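Here the structure is laid out as structure tokens; the discussion comes afterwards.
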There are 2 protein chains.
Amino acid sequence: MLNYSTSEENYIKAIYHLQQQDGLVTTNELAAELKAKPASITDMMKKLKAKKLLHYEPYQGFSLSNEGKKVALGIIRRHRLWEYFLAEKLKFTWDEVHEVAEHLEHVSNKKLIDKLDEFLGFPRVDPHGDPIPDEDGKIEASRQVCLPDLPLNKAAIVSHVSDQSSAILELLKHKNIGIGTKLEVKKKFSFDNSMEVKAGRQPVFTISEQLAKNIFVKYGA
Amino acid sequence: MLNYSTSEENYIKAIYHLQQQDGLVTTNELAAELKAKPASITDMMKKLKAKKLLHYEPYQGFSLSNEGKKVALGIIRRHRLWEYFLAEKLKFTWDEVHEVAEHLEHVSNKKLIDKLDEFLGFPRVDPHGDPIPDEDGKIEASRQVCLPDLPLNKAAIVSHVSDQSSAILELLKHKNIGIGTKLEVKKKFSFDNSMEVKAGRQPVFTISEQLAKNIFVKYGA
DNA sequence: ATATTTTTTTAGACAAATCTAAACTATTGC
DNA sequence: GCAATAGTTTAGATTTGTCTAAAAAAATAT
């Protein structure tokens, strides 16, 4: 695997994320994502095409080649491992990790990343619940579901709360649940659809169906 | 503290190291150190002078200003903390850490570095025995002495072995002592000048005067 | 279906960091 | 003390990544 500049890596990563949703990515879309001018995008697309990292015909949009996807997954692997390290070891909060990881991800040394992975205990998801690609670029599909739909004993990360009333926020705060909290459903009761959950490092406790329906979590499939 | 480019940081760091030994640094010296052409050095010196990071008059050599030294110590702090992390947490060997830290050092985020420092337990020296500047840029003088001259209970790092005979190497290997090994002298016996040492994570053991004289260690004064 | 609008590309400029070759300054040897 | 040598700087070119303004292509609206 060749080395790419920080700039090239940022383009590749942005295209990867955009094409997950949209299929073909357009010049303006990418310009908005990267806060650059459309002319700069076209310039870089020519360069990445010449390096066979993407498919591109003028005016037709672009998408990563298989090689480009592999490069993107390498960058995402580095980014998410560093995010995990920052949250788990350095006690950054879930919303602080992204920005710092944006810089660390560009240090591309295979041994560094594989040893970091091992040191962290081969985590499957980052602090936002997004799956971490393995050494070979394999990545689990990311699923976002509401808590009642989460399989039993599946580790997940709180990613969203649908109801934003102060009543629910008070309750979540009291139970130490917030965006980024690790969550696992241990038991479900069919009588009232309440469930026992393990949240972060707290002992198992019970939450109601009403609450569970409003908590969304992400996990690796 | 402003931000500087990777390139600027590499120049600043190199000047810092060279002027430790030489006082004024010359164009050719720095060119050799950085594997760049003398013309490139002159260009950058003008730039760094404009930023008030160094004193420079054409043909007269250059040296860091106080501000320049502060910047240099910040870079060295980052470099050595990452080296410690790589050796201590990721189990890199002492001779592998430098190259990787050369890249990590350029990620300059104060919170990251201060939290890393805390996570590592505020180490005083890196895996080569060189002292790590603190948050304010204070740095202990680095001392290199042979083992009999090391103060009792002072943590130090093996940095050099003077005799390279296979006999001494065999002995050192047997005692698990090598470059980068942490060493502490626990007790000295005046009868034969033998001493009890703690090496790495091994239990305390005894070494002879002859051996001790050939082991050089570095420590923060 | 064609005129208008939007999107994309091209052309040309600029800043950062590097280089080569030539010019200049300082040092050294005799 | 001056010529030869060694070291340094300048001038101009190159590469990478960005930009603005203008041109070209595609999409859209009547």
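Residue numbering restarts at 1 for every chain, and letters A, B, ... go by the order of the sequence lines. Everything quoted here is computed from the prediction, not taken from an experiment.
The interatomic distance linking A/E57 (CD) with C/dT9 (P) rounds to 10 Å, in whole Å. With rounding to whole Å, A/K51 atom NZ is found 8 Å from D/dT16 atom P. Atom CD of B/Q60 and atom C1' of C/dC24 are 14 Å apart (whole Å). Residue B/E8 contributes atom CD, which lies 12 Å from atom C1' of C/dA15 at whole-angstrom precision. With rounding to whole Å, A/M45 atom CE is found 15 Å from C/dT7 atom C1'. The CE atom of A/M44 sits 10 Å away from the P atom of D/dT16 (whole-angstrom rounding). Taking atom CG of B/L24 as the reference point, atom P of D/dT8 lies 11 Å away to the nearest angstrom. When the P atom of D/dT8 is taken as reference, atom NZ of B/K49 falls 16 Å away, rounded to whole Å.
At the phosphate of C/dT18, OP1 or OP2 sits under 4.0 Å from a side-chain N or O atom of B/S7. In this structure, B/K46 does not reach the D/dT9 phosphate: none of its side-chain N or O atoms is under 4.0 Å from OP1 or OP2. Note on A/Y4: every side-chain N or O is 4.0 Å or more away from OP1 and OP2 of D/dT16. Taking 4.0 angstrom as the limit, A/T26 places none of its side-chain polar atoms (N or O) nearer than this to OP1 or OP2 of C/dT7. Between B/N28 and D/dA6 there is no side-chain N or O to OP1 or OP2 distance below 4.0 Å.
Between the side chain of A/S65 and the backbone N or O of A/K52, at least one donor-acceptor pair lies under 3.5 Å. Side-chain N or O atoms of B/W94 include one that pairs as donor or acceptor with a backbone N or O of B/I179 at under 3.5 Å.
With hydrogens and angles left out, the side-chain atoms of A/H79 and A/D126 include no donor and acceptor closer than 3.5 Å. For the residue pair B/S108 and B/N3, a side-chain donor N or O sits within less than 3.5 Å of a side-chain acceptor on the partner. Between the side chains of A/D163 and A/S165, at least one donor N or O sits under 3.5 Å from an acceptor N or O.
Atom NZ of residue B/K154 and atom CD of residue B/E184 lie 10.0 Å apart, to the nearest 0.5 angstrom.
Looking at heavy-atom distances under 4.0 Å, A/Y56 makes contact with sugar-phosphate atoms alone, never a base.
The nearest heavy atom of DNA chain D to A/Y59 and to A/S5 marks one nucleotide each, and the one closer to the 5' end goes with A/S5.
Closest to the A/D43 side chain, of the nucleotides D/dC19, C/dA26, C/dT8, is D/dC19.
Listed in residue order, the members of residues 34-42 of chain A having a heavy atom less than 4.0 Å from DNA chain C are A/P38, A/A39, A/T42.
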- side chain to side chain donor-acceptor pair (under 3.5 Å) evaluation trace for A/S63 with A/Q19: CA-CA 7 Å; A/S63 63; A/Q19 78 178 21; 4.6 Å; no
